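Letters A, B, ... are given to chains in the order of the sequence lines, protein chains preceding strands, and every chain is numbered from 1. If you're wondering where the values come from, they're calculated on a predicted model, not measured in any experiment.
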Amino acid sequence: MSTTSYERIWSVVRRIPRGRVATYGQIARIAGLPPQARMVGYALHALPDDIASSVPWQRVINAQGRISLRAFAGSEAVQRKRLEREGVKFDAKARVDLERFGWKAGTEMRARSSRSTR
DNA sequence: CCGGTGACGCGCG
DNA sequence: GCGCGCGCCACCG
């Protein structure tokens, strides 16, 4: 049916708050899929351009806190820029601190004084 | 129907 | 902390 796992995955991705990032494995888990993080990547790969604008795909990165490379060169720079525009910081190794920017699904807990944003 | 591939994750050295 | 290799599943030719 149209009720593919893709729709489910995209739905979860839409729930990621601005300025936050989630890992493929996390999305897979929330979407009700097993440790099949690969499926999430596949779903995003198959993400139609017409609805790509309604799905914050840039907020999905791998468990290492890094942007997964796609077929097209330069795609990493595009995604990084979009995330930085939301306030997500990257370190010298092009990695995001998941402890600070990782999305805590369902807990929305306001990190008290997690300053140190520098 | 079969084999290769891929926006990944995790264990091991 | 980093790099390498294997495992899982759906899609494509």
Considering only heavy atoms from C-beta outward, does the side chain of [X] approach that of [Y] to under 4.5 Å?
{"X": "Arg70(A)", "Y": "Glu76(A)", "answer": "no"}
{"X": "Tyr6(A)", "Y": "Met39(A)", "answer": "yes"}
{"X": "Ile27(A)", "Y": "Val13(A)", "answer": "yes"}
{"X": "Ile67(A)", "Y": "Phe90(A)", "answer": "yes"}

CZ of Arg85(A): more than 12 outside heavy atoms within 6.0 angstrom?
->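 At most 12 heavy atoms, drawn from other residues, nucleotides or ligands, come within 6.0 Å of this atom.
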Flag yes if more than 12 heavy atoms outside Arg66(A) fall under 6.0 Å of its CZ atom; otherwise flag no.
->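 Above 12, so yes.
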What residues in residues 50-60 of chain A put a non-hydrogen atom under 4.0 Å from any atom of DNA chain C?
->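 Nothing qualifies; none.
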Separation of [X] atom [atom1] from [N] atom [atom2], in whole Å?
{"X": "Met39(A)", "N": "dC9(C)", "atom1": "CE", "atom2": "P", "answer": "11 Å"}
{"X": "Gln26(A)", "N": "dC10(B)", "atom1": "CD", "atom2": "P", "answer": "11 Å"}
{"X": "Ile30(A)", "N": "dG9(B)", "atom1": "CD1", "atom2": "P", "answer": "13 Å"}
{"X": "Asp91(A)", "N": "dG1(C)", "atom1": "CG", "atom2": "C1'", "answer": "13 Å"}
{"X": "Arg38(A)", "N": "dG4(B)", "atom1": "CZ", "atom2": "C1'", "answer": "11 Å"}
{"X": "Leu98(A)", "N": "dC8(B)", "atom1": "CG", "atom2": "C1'", "answer": "14 Å"}
{"X": "His45(A)", "N": "dT5(B)", "atom1": "NE2", "atom2": "C1'", "answer": "10 Å"}
{"X": "Gln36(A)", "N": "dG6(B)", "atom1": "CD", "atom2": "P", "answer": "18 Å"}

Want to settle it: does Tyr42(A) or Pro35(A) sit nearer the 5' end of DNA chain C, counting the closest nucleotide to each?
-> Pro35(A)
Heavy-atom closest pair, residues [X] and [Y]:
{"X": "Asp50(A)", "Y": "Pro48(A)", "value": "OD1-CB, 2.9 Å"}
{"X": "Gly87(A)", "Y": "Phe101(A)", "value": "O-CE2, 3.5 Å"}
{"X": "Ala63(A)", "Y": "Thr23(A)", "value": "CA-CG2, 3.8 Å"}

Sub-4.0 Å heavy-atom contacts from residues 63-82 of chain A onto DNA chain B, ordered by number | Ala63(A), Ser68(A), Leu69(A), Arg70(A), Gln79(A)
What about Ile51(A) and Ile9(A), same hydrophobic cluster or not, with Ile/Leu/Val/Met/Phe/Trp/Tyr joined at side-chain heavy-atom distances under 4.5 Å?
-> yes
Side chain Arg59(A), main chain Ile16(A), donor-acceptor under 3.5 Å | yes
Where does DNA chain C form stems of at least three consecutive Watson-Crick or G-U wobble pairs, each pair having both distances below 3.5 Å?
->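 DNA chain C stems, ordered by first number: B:2-6 with C:9-13, B:8-13 with C:2-7.
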Options dC11(C), dA7(B), dC2(C), nucleotide nearest the side-chain atoms of Lys93(A) |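 Of all the options, the side chain of Lys93(A) is nearest to dC2(C).
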